Participant: 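Handing you this structure, nothing more for now.
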Amino acid sequence: MESVIDAVRQMVEQIPIAQSFGFADFGELAQTRHRALSRTLGQMVKDKEIRRAYPGRFYRPRVSDRFGPMGLFGRELLREALEVGYPAGSWAHNELGLSTQVPMVLTIATPIWTHERRFGYQKVRYIRSTIKEIPKVHASRLALMILDALKEIRHVSDSSPNHVVNQLFLLFKQHVAIEHLGYLLKYGLQYPPQVRALLGAIFEIEKHLHLSEMLRKTLNPKTEYFVGVDKALPNFKKWKLVGPRRTYRAWERRWKKRRNEAQKFES
C-alpha cells in the first residue's frame, strides 16, 4: 500500500497545477490497483493536497494570495467532456465570435451518445454530431465548429446570416491555416448541400479556387439554398444562395395567396 501511495503522489506532482485528471491518467495502476488508487486520492482530498472537481475527477488547485485555492473554470473543468466531442450550438457560436450570447447549458457534439450531465457546477448537453468519428486534433475541431455554424447560419442567436459570414471571413484571416482548409474540405463533403454551397462561396472569395471547384462538383446546379445571405457574399447568386429579400418575397406571395383563398371562401 505504501508503494501505491508513493507512486500516486509522484504522478500527481507531475501533473500541472489547475489541470484536471482522473483514474485513467494513472495508466496500469488504475487497472491493477484501482481500489488502492481510489483510497489514496480520497485521502489526498481530505489532506487538501488535491481537490475533487466532481466525482472521479481531481485537480491540484492554483493558490491565490488574495482568494486562496482556486477552482476549475471553463475548458479545464470540461477536459473530460471535450475528449469525446467539441463545442457546439451557442457555446461554439460564442467561441467563434459569431454571437455574444453565453449559454447557461453548454452543448458538446459527439457521435457516441446524447444526454445531459453535470461537471461540477456546469451542466452539459450532448448532441449528435454530423460526422461519425471526431479526431482529437485541434485544427479539425475548429473546422467542425465552423461547419456547424454554416449549418445553423439562420439560427445563430443575436446575429444575422450576413454577420455570421463576415465574422467567419475575419476568423479565416486570423486563425485559419492550410491545415484547417484541408479539414474543412474533408468534413465539409459530409455535410448537407447548403453547407457545401456556403463553404464553396467562401473558398472562392478567399481565392482557394481548387477547393471551391471540388465542392461545386458535389452540388445540384438547379437547387437553391435559402440561407439569408446576400451582402456578405458577392457571389451568392453564382452559388444559388437565396438572400433574405428573396425569402421575404416568397413568404409575402404565400401570405397573399392564402389571404385571397380565404376571401374567396368567405364570399
Side-chain angles (χ1 to χ4, degrees), residues 19-28 30-31 53-54 56-57 74-98 103 105-119 122-156 164 168 171-172 175-203 206 208 210-220 225 227:
Q19 176 177 310
S20 63
F21 58 91
F23 294 104
D25 294 301
F26 292 90
E28 185 179 354
Q31 300 177 358
Y54 50 85
R57 205 72 182 175
R75 284 179 173 267
E76 193 53 51
L77 179 64
L78 301 174
R79 174 182 287 268
E80 181 185 10
L82 291 171
E83 289 177 356
V84 296
Y86 61 92
S90 298
W91 185 21
H93 301 161
N94 182 268
E95 291 268 312
L96 295 173
L98 309 179
V105 180
L106 302 183
T107 305
I108 293 179
T110 173
I112 304 176
W113 15 245
T114 56
H115 66 280
E116 290 188 354
R117 181 181 173 185
R118 186 173 293 278
F119 294 85
Q122 183 63 63
K123 191 174 183 181
V124 171
R125 180 168 64 94
Y126 290 96
I127 62 172
R128 188 79 63 184
S129 61
T130 302
I131 64 172
K132 296 181 179 180
E133 185 177 352
I134 299 175
K136 295 185 178 182
V137 182
H138 174 72
S140 66
R141 298 194 172 202
L142 177 60
L144 291 173
M145 291 168 64
I146 293 174
L147 292 171
D148 282 354
L150 293 176
K151 183 179 179 181
E152 303 159 356
I153 191 168
R154 295 175 60 190
H155 306 286
V156 177
V164 170
L168 288 178
L171 188 70
F172 266 67
H175 301 289
V176 175
I178 296 177
E179 183 182 11
H180 298 94
L181 296 177
Y183 285 118
L184 282 169
L185 179 64
K186 176 182 177 180
Y187 297 123
L189 294 172
Q190 303 179 39
Y191 274 71
Q194 168 191 310
V195 178
R196 301 201 298 271
L198 280 167
L199 185 62
I202 293 174
F203 276 161
E206 290 289 320
H208 305 300
H210 62 294
L211 299 180
S212 65
E213 188 59 30
M214 293 177 68
L215 290 169
R216 183 193 297 279
K217 292 179 180 179
T218 67
L219 300 173
N220 186 336
Y225 309 99
V227 295

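In this text, all values refer to a predicted model and were calculated from it rather than measured experimentally. Only this structure's heavy atoms are used, side chains among them; waters, hydrogens and symmetry mates stay out.
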Participant: Report the relative orientation of the aromatic rings in His210 and His208; use parallel for angles under 30°, tilted for 30 to 60°, perpendicular for over 60°.
Facilitator: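 Plane angle over 60°, so perpendicular.
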
Participant: Ignoring hydrogens, what is the shortest heavy-atom contact between Ile202 and Leu150? Give both atom names and the distance.
Facilitator: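 Where Ile202 meets Leu150 most closely, the heavy atoms are CD1-CD2, 4.1 Å.
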
Participant: Mind checking the OG1-CD spacing from Thr218 to Glu213? Nearest 0.5 Å is all I need.
Facilitator: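 One gets 10.5 Å once the value is rounded to the nearest 0.5 Å.
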
Participant: Taking Tyr191's backbone N and O only, do any of them form a donor-acceptor pair with Arg196's side chain (distance below 3.5 Å, no angle check)?
Facilitator: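 Yes, because the side chain of Arg196 sits within donor-acceptor range (under 3.5 Å) of the backbone of Tyr191.
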
Participant: Would you give the length of the straight line joining atom CG of Leu96 to atom CG of Leu142, rounded to the nearest 0.5 angstrom?
Facilitator: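 It is 6.5 Å, given to the nearest 0.5 Å.
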
Participant: Quick one: does any side-chain atom of Arg141 pair with a main-chain N or O of Gly85 as donor and acceptor, under 3.5 Å?
Facilitator: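 Checking the backbone N and O of Gly85 against the side chain of Arg141, a donor-acceptor pair under 3.5 Å is found.
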
Participant: Could you tell me whether the side chain of Val137 reaches within less than 4.5 Å of the side chain of Glu179, counting heavy atoms only?
Facilitator: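 Side-chain contact under 4.5 Å: yes.
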
Participant: Would you say the side-chain atoms of Asp25 pair up with the backbone N or O of Gly22, donor to acceptor, closer than 3.5 Å?
Facilitator: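 Checked: pair present.
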
Participant: Taking the side chain as every heavy atom from C-beta outward, state whether Pro87 and Leu82 have any atom pair closer than 4.5 Å.
Facilitator: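 Yes, close enough: below the 4.5 Å cut-off.
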
Participant: Does the side-chain contact (heavy atoms from CB on, under 4.5 Å) test come out yes or no for Leu181 and Phe203, once each step is laid out?
Facilitator: CA-CA 9 Å; Leu181 296 177; Phe203 276 161; 3.6 Å; yes

Participant: What is the minimum heavy-atom distance between Pro193 and Leu219, and which atoms define it?
Facilitator: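 Heavy atoms only, the tightest pair is O-CD2, 3.5 Å.
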
Participant: Does the pair Ser140 and Tyr86 meet the rule for a side-chain contact (heavy atoms from CB on, under 4.5 Å), with working shown?
Facilitator: CA-CA 10 Å; Ser140 66; Tyr86 61 92; over 6 Å; no

Participant: Would the number of heavy atoms belonging to other residues, nucleotides or ligands and lying under 6.0 Å from CZ of Arg125 be above 12?
Facilitator: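 Open: at most 12 neighbouring heavy atoms sit under 6.0 Å from CZ of Arg125.
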
Participant: Working to the nearest 0.5 angstrom, can you tell me the gap between Ser129 OG and Ile108 CD1?
Facilitator: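 Taking OG in Ser129 and CD1 in Ile108, the distance rounds to 12.0 Å.
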
Participant: Could you tell me whether the side chain of Ile153 reaches within less than 4.5 Å of the side chain of Val195, counting heavy atoms only?
Facilitator: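 A side-chain contact under 4.5 Å is absent here.
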
Participant: Test Ile146 against Val176 for side-chain contact (heavy atoms from CB on, under 4.5 Å), laying out the working first.
Facilitator: CA-CA 10 Å; Ile146 293 174; Val176 175; 4.2 Å; yes

Participant: Counting only N and O atoms by type, is there a donor-acceptor contact under 3.5 Å from the side chain of Arg128 to the main-chain atoms of Ile112?
Facilitator: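 Between the backbone of Ile112 and the side chain of Arg128 there is a qualifying donor-acceptor contact (under 3.5 Å).
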
Participant: Can you measure from CG (Leu98) to CG (Leu171) and round to the nearest 0.5 angstrom?
Facilitator: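 So the CG of Leu98 and the CG of Leu171 are separated by 7.5 Å.
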
Participant: When rounded to the nearest 0.5 angstrom, what distance separates CD1 in Ile178 from OH in Tyr183?
Facilitator: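 Nearest 0.5 Å value for the CD1-OH distance: 13.5 Å.
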
Participant: For residues Pro192 and Lys151, report the shortest heavy-atom separation together with the two atoms involved.
Facilitator: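 Smallest heavy-atom distance, with atoms named: CG-CE, 4.4 Å.
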
Participant: Find the distance between OH (Tyr187) and CG (Leu147) and round it off to the nearest 0.5 Å.
Facilitator: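 Going from the OH atom of Tyr187 to the CG atom of Leu147 covers 10.0 Å.
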
Participant: Which atom pair, heavy atoms only, marks the closest approach of Ile134 to Pro111?
Facilitator: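 Where Ile134 meets Pro111 most closely, the heavy atoms are CD1-CD, 3.3 Å.
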
